[in-house]
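The structure under discussion appears below in the form of structure tokens.
Atom set for the values below is all heavy atoms of this structure, side chains included, hydrogens, waters and symmetry mates excluded. None of the values given here were measured: they were computed from a predicted structure. Start at 1 and go down the list; that is how both ligands and their atoms are numbered.
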Amino acid sequence: MAVEIIMPKLGVDMQEGEIIEWKKQEGDTVNEGDILLEIMSDKTNMEIEAEDSGVLLKIVRQDGETVPVTEIIGYIGAEGEQIEEGTKASSDVEVARTTEDLKAAGLEVPKAPEKTEQSLASANKEPLADNEYDIVVVGGGPAGYYGAIRAAQLGGKVAIVEKSEFGGTCLNVGCIPTKTYLRNAEILDGIKIAAGRGINLASTNYTIDMDKTVDFKNSVVKTLTGGVKGLLKANKVTLYNGLGQVNPDKTVTIGSETIKGRKIILATGSKVSRINIPGIESNLVLTSDDILDLREMPKSLAVMGGGVVGIELGLVWASYGVDVTVIEMADRIIPAMDKDVSLELQKILSKKGMKIKTSVGVSEIVEANNQLTLKLNNGEEVVAEKALLSIGRVPQMNGLENLNLEMDRNRIKVNNYQETSIPGIYAPGDVNGTKMLAHAAFRMGEVAAENAMRGNTRKANLEFTPAAVYTHPEVAMVGLTEEDARAKYGDILVGRNSFTGNGRAIASNEAHGFVKVIADAKFHEILGVHIIGPAAAEMINEAATIMESELTVDELLLSIHGHPTFSEVMYEAFADVLGEAIHNPPKRKK
Ligand SMILES: Cc1cc2nc3c(=O)[nH]c(=O)nc-3n(C[C@H](O)[C@H](O)[C@H](O)COP(=O)(O)OP(=O)(O)OC[C@H]3O[C@@H](n4cnc5c(N)ncnc54)[C@H](O)[C@@H]3O)c2cc1C
């Protein structure tokens, strides 16, 4: 059945919109996400994307016409399909822009054109030989294993090649090991506050058994990587272990074996970035991969790079009692974060004993008597037993040399469909450098697999990807920082609420930090949410969902947040955008 295109309601006040121009004509093929038309509400011009793929069967309302919101303006469906016209969407619907809105309003939802077997890559094609696959995925990290399973779900015959351990950087030497150790740091913080809460431990003395911390971390990793392998096998994905050498004809050589894919997904991820300064080759300079397996505690650690990895790992070691100094080139740690949040975190970490030097770089490392002297470019020196190099990551191109792919600043260039310059070869995840986060890699892998299986129909929209730092307190963000929002929009509103007055936070000894919401001054569209405080990494997912759903501040405030919860602080920060936070002092009128 054909799907209706309706005049969207783009804000609480919008009653009607004018069709400026249809960008597609009747009979045109449209893919989900294609721009269909441009409309104007009383506030702004806006391009409207297709929410389904098919053929634009009919344009009901023409360029220049003004149409009440939720009224039908066109239809998308299968080629040659007859339309049953006249079903006007209810004007009672407050916000009806998508089929989900219609569902929520209890209205019948038109069915999307069915995806038939014919749209799958393996349909209507020559049968595959034993060593041939619909999809060969190279790299078994988040982008790769997600892509492989999604392709298998869609009916593909799939192989995945991994040179090391399945689960990639994230499970083996990234997200999971660091969070296992950061939980140790949190437990140690708990010991410190116990007495103040009336829990008298026989002694607050402790020692760290380094072997046991590493063994425990390894057991966590093993559980999860085993789970990934199990899932791949359960989805009948064929697993190959070894370096995959990929060729332009879509063959992949693993040792003496060669397999071939109709389509290839390169999900080879990233590796530690290195700097070329004298002394960097010292064995006492560790990467994040090395430090996770350290079984002897150094007395002191110099961290080169105050990004997420440097700060998280620096905090782990500082919590164990190691003398940690962070050296960061930018004027603040984790410079991608909102400035207020970054400065607050810096203050909290300094109180925890971490030394943080900003606006300075390391120009030379001298190793002598089993310790390092890091010479900084402002003339200072930092002496430490070990150093951690954490200045970022670069794409992993080993095995891809024969492809001669188009690159963008040393990263594989991909289009919106995650496809490289070679048709039928996709490159999701860290290897394309768009957003080097595991959950972004999941999405890119999923999108690449769908496009490889069905033809390029789905774009990876990463605009509202949340990011978190798992320090204690946690830090998280989604969308624009205040600085970026001001530069882009000029007139913005900022709402804040602090955890210092939040019941659950006070009851939990977690009453520090705040939530900051950035909104557009005119329509109260949410541009960014920044949190430093308890459960920030969990709460930010709510903010990401709100932004993805394009809720305005006014709409969000119609929701009720449970009490007592940390999330109430986020709700109040939204309310503060409009000067309506109950637990904030009244805003002074300008
Ligand atoms: C210390 C640290 C902490 C992190 N913490 C977080 C976090 O908390 N949250 C978060 O979202 N992200 C985190 N990240 C980032 C996250 O790990 C990556 O964004 C994510 O792993 C990228 O997934 P991917 O599949 O693109 O690549 P990877 O995970 O790097 O996987 C690529 C895989 O491909 C394999 N491979 C490469 N070349 C070949 C070849 N030619 N043949 C066969 N196999 C090959 C590799 O061995 C690897 O297993 C962290 C990273 C680090 C280093």
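- Of the heavy atoms in Glu312, none comes closer than 4.0 Å to ligand 1.
- Nearest-residue assignment for atom 13 (C) of ligand 1 (options Pro466, Cys175, Ala468; heavy-atom criterion): Cys175.
- Ring orientation note: the planes of His512 and His472 are nearly perpendicular, at an angle over 60° on the 30°/60° scale.
- The shell of residues lying under 4.0 angstrom from ligand 1, judged by heavy atoms, includes Arg393.
- Not a single donor-acceptor pair under 3.5 Å links the side chain of Asn172 to the backbone N or O of Thr169.
- Salt bridge present: Glu446 and Arg458 bring a charged side-chain N and a carboxylate O closer than 4.0 Å.
- For ligand 1, one of its N or O atoms has an N or O atom of Gly244 under 3.5 Å away.
- Only the backbone of Val173 comes within 4.0 Å of ligand 1, counting heavy atoms alone; no side-chain atom from C-beta on gets that close.
- When heavy-atom distances to ligand 1 are checked against a 4.0 Å cut-off, Leu437 comes that close through both its backbone and its side chain.
- Close contacts of ligand 1 with Gly141, meaning ligand atoms under 4.0 Å from a residue heavy atom, involve 25 (O), 29 (O), 31 (O), 33 (C).
- The proximity of Asn398 to ligand 1, defined as any non-hydrogen pair under 4.0 Å, is limited to the backbone.
- Under a 3.5 Å cut-off, the side chain of Asn247 and the backbone N or O of Lys250 do not form any donor-acceptor pair.
- Within the 4.0 Å heavy-atom criterion, the part of Ala441 lying near ligand 1 is the side chain and not the backbone.
- For atom 8 (O) of ligand 1, the closest non-hydrogen atom on the protein side is Lys179 NZ, 2.7 Å.
- Between atom 32 (C) of ligand 1 and the options Ala267, Gly168, Gly307, the minimum heavy-atom separation is to Ala267.
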Quiz item: Would Glu132 and Lys260 count as a salt bridge (Lys or Arg N to Asp or Glu O under 4.0 Å) if you check the C-alpha gap in whole Å, the side-chain angles of each, and the deciding distance to 0.1 Å?
Solution: CA-CA 5 Å; Glu132 289 178 343; Lys260 187 170 170 50; over 6 Å; no

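- Just one of Lys236, Arg262, Lys157 meets the salt bridge (Lys or Arg N to Asp or Glu O under 4.0 Å) condition when paired with Asp134; it is Arg262.
- Look at Asp323 and Lys355 and you find a salt bridge, because one of the NZ, NE, NH1 or NH2 atoms lies within 4.0 Å of a carboxylate O, short of that distance.
- When non-hydrogen atoms are compared, ligand 1 lies under 4.0 Å from the side chain of Val309 (C-beta onward) but not from its backbone.
- Within 6.0 Å of the NZ atom in Lys179, the count of heavy atoms belonging to other residues, nucleotides or ligands exceeds 12.
- Backbone and side-chain nitrogen or oxygen atoms of Gln396 are examined, and none is located within less than 3.5 angstrom of a nitrogen or oxygen of ligand 1.
- Atom numbering of ligand 1 starts at 1 in the shown order; those under 4.0 Å from a heavy atom of Cys170 are 17 (O), 21 (O), 29 (O).
- Using a 4.5 Å heavy-atom threshold, the side chains of Tyr206 and Leu188 count as touching.
- The parts of Glu162 lying near ligand 1 are both backbone and side chain, judged by heavy-atom distances below 4.0 Å.
- Contacts with ligand 1 closer than 4.0 Å are made by no heavy atom of Gln245, backbone or side chain.
- Looking at Thr169 against ligand 1, both its backbone and its side chain come within 4.0 Å, counting heavy atoms.
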